[in-house]
K.L.:
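A single structure is presented below for examination.
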Amino acid sequence: MLNLSSGGGNANYLRFSPQANAWTNSNNEEVQLKKVVFDFDNVTTGWLLLGTGVRDWQPDAAIGRKGAQPSPDHKRGFEVTFYNKEIGTASWSSNGVGPNMGLESLYSQCAAQRQANEGKLPVVEYKGSRLEKIGRGTTRIPQFEIINWIARPEGMGAPAAVVDEEEYVAAPAPAKAAAPADDEMF
């Protein structure tokens with residue numbers, strides 16, 4: 001509440017490494033990202049400086065409203081929250097080109113469906129990454145698919161009375177093998 005900690009963000013975090021094409025958690029263990037609830041309502045953009053032992057996050061006053069660049073080493077970045085019972089509430093932040101492009105795409109998809117899903121959050125599934133040449137180098141762009149919209153799960157701070165178990169069951173995907181019920185994950 002007072003934001004007195006010297007570190008930024010959530011102690012439980014995820015990182016996507018385009019070079020390794022892998023997700024890691026705050027224990028530096030590789031994780032297989034699956035279905036997660038994406039806290040679309042609380043996405044922040046800003047300037048992010050990352051280095052060995054350094055993380056300086058300067059959020060924008062409003063999403064996408066670029067403030068002054070704090071230093072030449074700060075790059076445009078984001079901070080979002082993912083949730084499922086397996087990973088808990090985890091922060092994902094980055095200032096890399098590939099992750100920025102992946103989040104931009106996911107955010108656009110969610111914004112296009114927002115009006116039909118007012119008051120709900122998207123359940124997204126990580127579908128791998130796409131290799132893309134950018135300038136003189138290459139990066140990997142995380143790919144996500146929206147599979148459902150649900151009420152904010154209790155694990156993300158929703159009161160128990162607000163959560164409706166019926167909303168957790170995603171519509172069946174055509175021609176795919178059965179997946180674990182969403183209510184097991186959220």
Side-chain angles (χ1 to χ4, degrees), residues 1-16 23-26 31 33-50 55-70 74-127 141-164 167-168 170 182-183 185-186:
M1 184 153 99
L2 295 176
N3 199 21
L4 297 174
S5 67
S6 58
N10 188 336
N12 187 24
Y13 62 82
L14 295 170
R15 295 286 176 260
F16 176 73
W23 291 89
T24 55
N25 63 17
S26 48
V31 296
L33 192 66
K34 301 171 188 172
K35 296 176 188 176
V36 293
V37 178
F38 169 46
D39 194 351
F40 176 72
D41 295 332
N42 292 300
V43 173
T44 55
T45 56
W47 294 100
L48 180 58
L49 171 65
L50 292 173
R55 182 183 188 279
D56 183 28
W57 172 239
Q58 301 294 319
D60 295 333
I63 190 164
R65 196 159 134 212
K66 208 185 284 192
Q69 186 174 7
H74 283 76
K75 297 178 186 175
R76 291 299 291 164
F78 63 85
E79 188 168 52
V80 301
T81 300
F82 286 157
Y83 170 80
N84 70 26
K85 285 183 181 175
E86 187 177 324
I87 64 171
T89 301
S91 174
W92 175 37
S93 62
S94 182
N95 64 359
V97 173
N100 282 353
M101 292 171 73
L103 180 70
E104 184 84 36
S105 175
L106 175 58
Y107 189 87
S108 295
Q109 292 173 53
C110 293
Q113 296 181 25
R114 176 45 131 187
Q115 188 172 2
N117 295 286
E118 193 64 40
K120 295 182 178 181
L121 295 176
V123 175
V124 300
E125 184 172 6
Y126 175 64
K127 303 300 265 184
I141 303 168
Q143 306 291 296
F144 297 94
E145 178 182 338
I146 300 170
I147 59 171
N148 198 10
W149 288 77
I150 64 172
R152 181 177 292 274
E154 188 173 343
M156 289 183 86
V162 174
V163 178
D164 180 359
E167 293 184 76
Y168 289 123
D182 283 344
D183 60 344
M185 298 184 78
F186 311 114

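Not measured: the values here are computed from a predicted model.
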K.L.:
Heavy atoms only: give me the nearest Arg55-Glu79 pair and the separation to one decimal.
P.N.:
NH2-OE2, 3.1 Å
K.L.:
Determine, step by step, whether Phe38 and Leu103 satisfy the side chain to side chain contact (heavy atoms under 4.5 Å, CB included) criterion, reporting the C-alpha distance in whole Å, the side-chain angles of both residues, the deciding distance to 0.1 Å, and the verdict.
P.N.:
CA-CA 11 Å; Phe38 169 46; Leu103 180 70; 3.9 Å; yes
K.L.:
Is the backbone N or O of Glu104 less than 3.5 Å from a side-chain atom of Ser108, with the two atoms forming a donor-acceptor pair by type?
P.N.:
yes
K.L.:
Look at the side chain of Asp60 and the backbone N and O of Ile63, then say whether any donor-acceptor pair between them is shorter than 3.5 Å.
P.N.:
no
K.L.:
Sequence neighbours left out, what passes side chain to side chain donor-acceptor pair (under 3.5 Å) with Gln58? Give chain and number order.
P.N.:
Asp56
K.L.:
Between side-chain atoms of residues 110-119 and protein atoms elsewhere (two or more places apart, or another chain), which donor-acceptor pairs fall under 3.5 Å?
P.N.:
from, atom 1, to, atom 2, distance (Å)
Gln113, OE1, Trp149, NE1, 2.9
Arg114, NH1, Asn117, O, 3.4
Arg114, NH1, Lys120, O, 2.5
Arg114, NH2, Asp41, OD1, 2.0
Arg114, NH2, Asp41, OD2, 3.3
Asn117, ND2, Gln113, O, 2.9

K.L.:
Write down the atom of Phe40, the atom of Pro122, and the distance for their closest heavy-atom approach.
P.N.:
CB-CD, 3.9 Å
K.L.:
Flag the pair Leu106 / Val124 as yes when at least one side-chain heavy-atom distance between them is below 4.5 Å, and no otherwise.
P.N.:
yes
K.L.:
Report yes if some heavy atom in the side chain of Pro142 is under 4.5 Å from a heavy atom in the side chain of Met101; otherwise report no.
P.N.:
no
K.L.:
Restricting to non-hydrogen atoms, name the atom on Leu14 and the atom on Ile87 that form the minimum distance, rounded to 0.1 Å.
P.N.:
CD1-CD1, 3.8 Å
K.L.:
Of all the heavy-atom pairs spanning Ile147 and Glu125, show the shortest one and how long it is.
P.N.:
CG2-OE1, 4.0 Å
K.L.:
As a quick check of understanding, evaluate side chain to side chain contact (heavy atoms under 4.5 Å, CB included) for Val31 and Glu86, giving each step before the final call.
P.N.:
CA-CA 10 Å; Val31 296; Glu86 187 177 324; over 6 Å; no
K.L.:
Between Asp39 and Arg152, is the side chain to side chain contact (heavy atoms under 4.5 Å, CB included) condition met? List the steps.
P.N.:
CA-CA 8 Å; Asp39 194 351; Arg152 181 177 292 274; 3.0 Å; yes
K.L.:
Distance-only, no hydrogens or angles: does the Asn100 side chain make a donor-acceptor pair with backbone N or O of Arg76 under 3.5 Å?
P.N.:
yes
K.L.:
Heavy atoms only: give me the nearest Thr45-Trp57 pair and the separation to one decimal.
P.N.:
C-CH2, 3.5 Å
K.L.:
Not counting sequence neighbours, which residues clear ring pair (Phe, Tyr, Trp, His ring centres under 6.0 Å) with Trp23? List them please.
P.N.:
Phe16, Trp92, Tyr126
K.L.:
To check you understand the geometry: which heavy-atom pair defines the closest contact between Asn12 and Ser26, and what is its length?
P.N.:
OD1-OG, 3.5 Å
K.L.:
Around atom CD of Gln143, are there more than 12 heavy atoms of other residues, nucleotides or ligands at under 6.0 Å?
P.N.:
yes
K.L.:
Would Phe144 and Val36 count as a side chain to side chain contact (heavy atoms under 4.5 Å, CB included) here? Give the steps.
P.N.:
CA-CA 10 Å; Phe144 297 94; Val36 293; 5.6 Å; no
K.L.:
Look only at the side chain of Asn95 and the backbone of Leu48, and say whether a donor-acceptor pair between them is shorter than 3.5 Å.
P.N.:
yes
K.L.:
With rounding to the nearest 0.5 Å, note down the distance linking OG1 in Thr24 to CG in Leu33.
P.N.:
11.0 Å
K.L.:
I want to check something: taking the side chain as every heavy atom from C-beta on, are Met156 and Leu121 in contact at a cut-off of under 4.5 Å?
P.N.:
yes
